[in-house]
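Quantities reported herein were computed from a predicted structural model and do not represent experimental measurements.
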Amino acid sequence: MTDFARILIVGGGYVGMYTALRLQRRLRRGEAHITLVDADSYMTYQPFLPEAAAGNVEPRHVVVPLRRVLGGCRILNGWVVGVDPHARTVDLRPHGGPGRVLGYDLLVFAPGSVSKTLPIPGLAECGIGFKTLEEAIHLRNHVLAQLDLADSTTDPAIRARALTFVFVGAGFAGVEALAELEDMARDACAYYPTIEPGHMRWLLVEATDRILPEVGPEMGRWTLEQLRARGIDVRTGTRLLSALGGHLVLDDGAEFVTDTLVWTAGVRPHPLVRDSGLPLDGGGRVRATTELTVEGFGNVFTAGDCAAVPDLTKPGETCAPNAQNAVRQARVLADNVLATLRGRALRPYRHAYAGAVAGLGLHQGVAQIRGHKVRGLPAWFMHRTYHLSQVPTLNKKVRILVDWTLALFFRREIVSLGQLSDPRAEFERAVRAEREDMPEPVTLR
């Protein structure tokens with residue numbers, strides 16, 4: 001290892017950012033150089049995506065600029081397209097220009113996960129996930145645009161299609177996203193004279209027989225009752241068979257047409273994991289040791305959604321791929337990187353599951369904390385308090401708190417900024433109109 005150890009971090013999510021943050025605080029001057037590589041220049045705090053989609057929080061306040069908080073690190077943006085753990089190199093493809101090869105002495109491999117999809121006809125063309133800020137903003141604009149369309153059209157078929165919203169997957173992402181957006185749309189109905197909340201059709205489709213398994217069976221049943229009491233059609237033990245052209249077919253025989261299909265049915269390791277050359281388990285995750293190194297590679301560390309980390313509190317099992325574990329694993333991982341640099345013993349990762357909290361719209365929530373079950377307003381308050389405490393940087397904490405405070409006095413905005421997804425459309429229309437108005441050129445003979 002050189003005098004300046006080269007620490008390369010692949011992935012700027014929970015594990016990557018928190019590991020880099022801890023390392024830059026604890027490394028001695030001149031001890032190591034840290035480089036972090038990610039496709040984006042920011043980390044998204046995903047638990048607040050539903051609130052950003054519903055307009056409770058400004059979208060920019062749920063992302064953390066990597067270059068601002070990681071001033072002691074080199075940030076490179078682009079796609080990692082290959083890893084050679086034997087040569088200790090990583091192939092980077094920037095968003096523009098030629099690729100480059102990055103060498104390392106110690107590698108933190110944490111590319112995270114992507115949406116887990118199925119080969120359902122029409123899903124790729126009609127569906128949208130709910131893992132990124134861009135998807136959350138699009139869904140907010142899309143739902144409000146559908147209300148605009150329904151209020152403006154005289155065609156009952158178009159109106160029914162616009163007012164049908166379908167979510168597939170009843171884990172945290174699906175339930176929270178649906179609950180927050182339904183709550184937003186219900187409030188927005190006050191501004192649409194021809195739309196009442198009962199005119200909208202919200203459906204939640206889940207292949208298993210329960211929803212929100214993270215909060216336990218009892219709280220899951222209570223959540224199911226609350227959603228159905230709001231008029232949301234929750235179908236458990238049901239699968240989506242087809243979505244061709246927005247015509248959805250379920251295996252219980254139901255069929256309907258919609259322009260809104262949100263897919264939140266789980267995640268899988270990032271595709272880079274498969275091509276990393278690192279040992280994988282049966283689920284396609286990197287096989288990790290209890291010290292968060294990769295099996296067979298003492299200079300490669302891993303954690304988070306892409307890693308199969310042994311759960312010392314449940315022998316024989318691996319840690320759940322959730323934010324709670326990712327943040328805590330990052331702390332141990334950073335300490336073990338430092339221990340490796342300084343020739344000290346590594347410590348194992350051990351964390352007992354503390355529980356889970358979920359928001360179900362304004363003033364509604366559900367939680368199970370260390371065996372204690374909480375629901376309604378107290379759970380909603382716990383959800384906000386916990387996640388506010390976990391958001392990185394004081395800057396973001398204050399901004400989110402200001403957003404919530406303003407919401408106590410003013411109603412949320414219901415403006416659809418659909419052009420954000422296609423910003424050149426208006427300019428292109430202007431160009432076409434200009435061409436149509438221009439006289440035909442005169443040919444001189």
Side-chain angles (χ1 to χ4, degrees), residues 42 44-65 130 132-152 162-163 165 175-200 202 226-227 229-232 260 262 357-366 376-421 423:
Y42 55 84
T44 302
Y45 191 74
Q46 292 184 349
F48 277 149
L49 285 183
E51 293 218 39
N56 299 330
V57 174
E58 164 64 36
R60 290 175 299 175
H61 297 167
V62 303
V63 295
V64 180
F130 197 79
T132 68
L133 181 64
E134 293 82 0
E135 289 171 331
I137 295 173
H138 170 79
L139 275 173
R140 169 181 170 77
N141 291 327
H142 175 76
V143 168
L144 291 172
Q146 294 302 99
L147 296 182
D148 291 338
L149 173 59
D151 188 53
S152 304
L163 294 179
F165 307 96
V175 171
E176 290 191 308
L178 181 147
E180 291 285 0
L181 285 167
E182 189 273 342
D183 189 50
M184 177 198 73
R186 181 181 292 271
D187 283 351
C189 285
Y191 302 98
Y192 295 91
T194 66
I195 302 177
E196 295 180 8
H199 295 163
M200 296 185 294
W202 294 81
Q226 294 300 306
L227 295 178
R230 287 162 59 171
I232 298 171
T260 309
V262 185
V357 291
L360 303 176
L362 203 57
H363 305 147
Q364 287 294 319
V366 61
L377 180 62
W380 173 81
F381 182 76
M382 292 173 63
H383 169 265
R384 283 197 161 185
T385 302
Y386 171 74
H387 286 301
L388 182 65
S389 70
Q390 297 299 307
V391 171
T393 77
L394 178 62
N395 180 355
K396 296 301 178 182
K397 295 180 196 294
V398 172
R399 290 180 183 275
I400 290 172
L401 192 58
V402 169
D403 288 341
W404 287 342
T405 302
L406 291 174
L408 295 174
F409 303 99
F410 304 99
R411 302 190 70 167
R412 54 184 151 196
E413 297 290 344
I414 61 163
V415 177
S416 170
L417 299 176
Q419 292 284 18
L420 287 175
S421 59

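Side-chain contact check for L227 versus W202: every heavy-atom pair is 4.5 Å or farther apart. Residues V175 and L360 are in side-chain contact: their nearest non-hydrogen atoms beyond the backbone lie under 4.5 Å apart. Considering only heavy atoms from C-beta on, R140 stays 4.5 Å or farther from P59 through its side chain. L147 is listed as a side-chain neighbour of M200, based on a closest heavy-atom distance under 4.5 Å. Looking only at side-chain heavy atoms (C-beta outward), H199 and Y192 stay at 4.5 Å or farther from each other. L181 has its side chain within reach of M184: a pair of non-hydrogen atoms, C-beta onward, lies under 4.5 Å apart.
The minimum heavy-atom distance linking T260 with H142 is given by the pair OG1-NE2, 2.7 Å. The shortest heavy-atom contact between I232 and L178 is CD1-CD2, 3.3 Å. Smallest separation of non-hydrogen atoms from F165 and A162: CZ-O, 3.3 Å. When all heavy atoms are compared, the tightest approach of R411 to A190 is NH2-CB, 4.2 Å. For the pair A53 and A136, the tightest heavy-atom approach, listed with the atom from each and the gap, is CB-O, 3.7 Å. Across all non-hydrogen atoms, the minimal contact from E51 to W404 is OE1-NE1, 3.3 Å.
Atoms CG and CD1, on L49 and I137 in that order, are 9.0 Å from each other to the nearest 0.5 Å. Distance check, rounded to the nearest 0.5 Å: CG of L144 to CG of L139 gives 11.0 Å. Note that the OG1 atom of T44 and the CG atom of L133 stand 5.5 Å from one another [nearest 0.5 Å].
For the side chain to side chain donor-acceptor pair (under 3.5 Å) test, residues two or more places apart in sequence or in another chain that qualify with E182 are R186, R230. Partners of E196 under the side chain to side chain donor-acceptor pair (under 3.5 Å) rule, at least two apart in sequence or in another chain, do not exist in this structure. Residues forming a side chain to side chain donor-acceptor pair (under 3.5 Å) with Y42 (at least two apart in sequence, or on another chain): E134.
Although no hydrogens or angles enter the test, the distance criterion places a donor-acceptor pair under 3.5 Å between the side chain of K396 and the main chain of R60. Without hydrogens or angle criteria, E135 side chain to T132 main chain gives a donor-acceptor distance under 3.5 Å. Within the 3.5 Å criterion, the main-chain N or O of G359 finds a donor-acceptor partner in the side chain of E176.
Proximity of the aromatic rings of H61 and F48 is defined here by a centroid distance below 6.0 angstrom, and this criterion is not met.
Residue-environment remark: CZ (F381) stays at or below the threshold of 12 foreign heavy atoms within 6.0 Å.
Among V357, N56, I400, L401, the one residue that satisfies the side chain to side chain contact (heavy atoms under 4.5 Å, CB included) test with R384 is N56.
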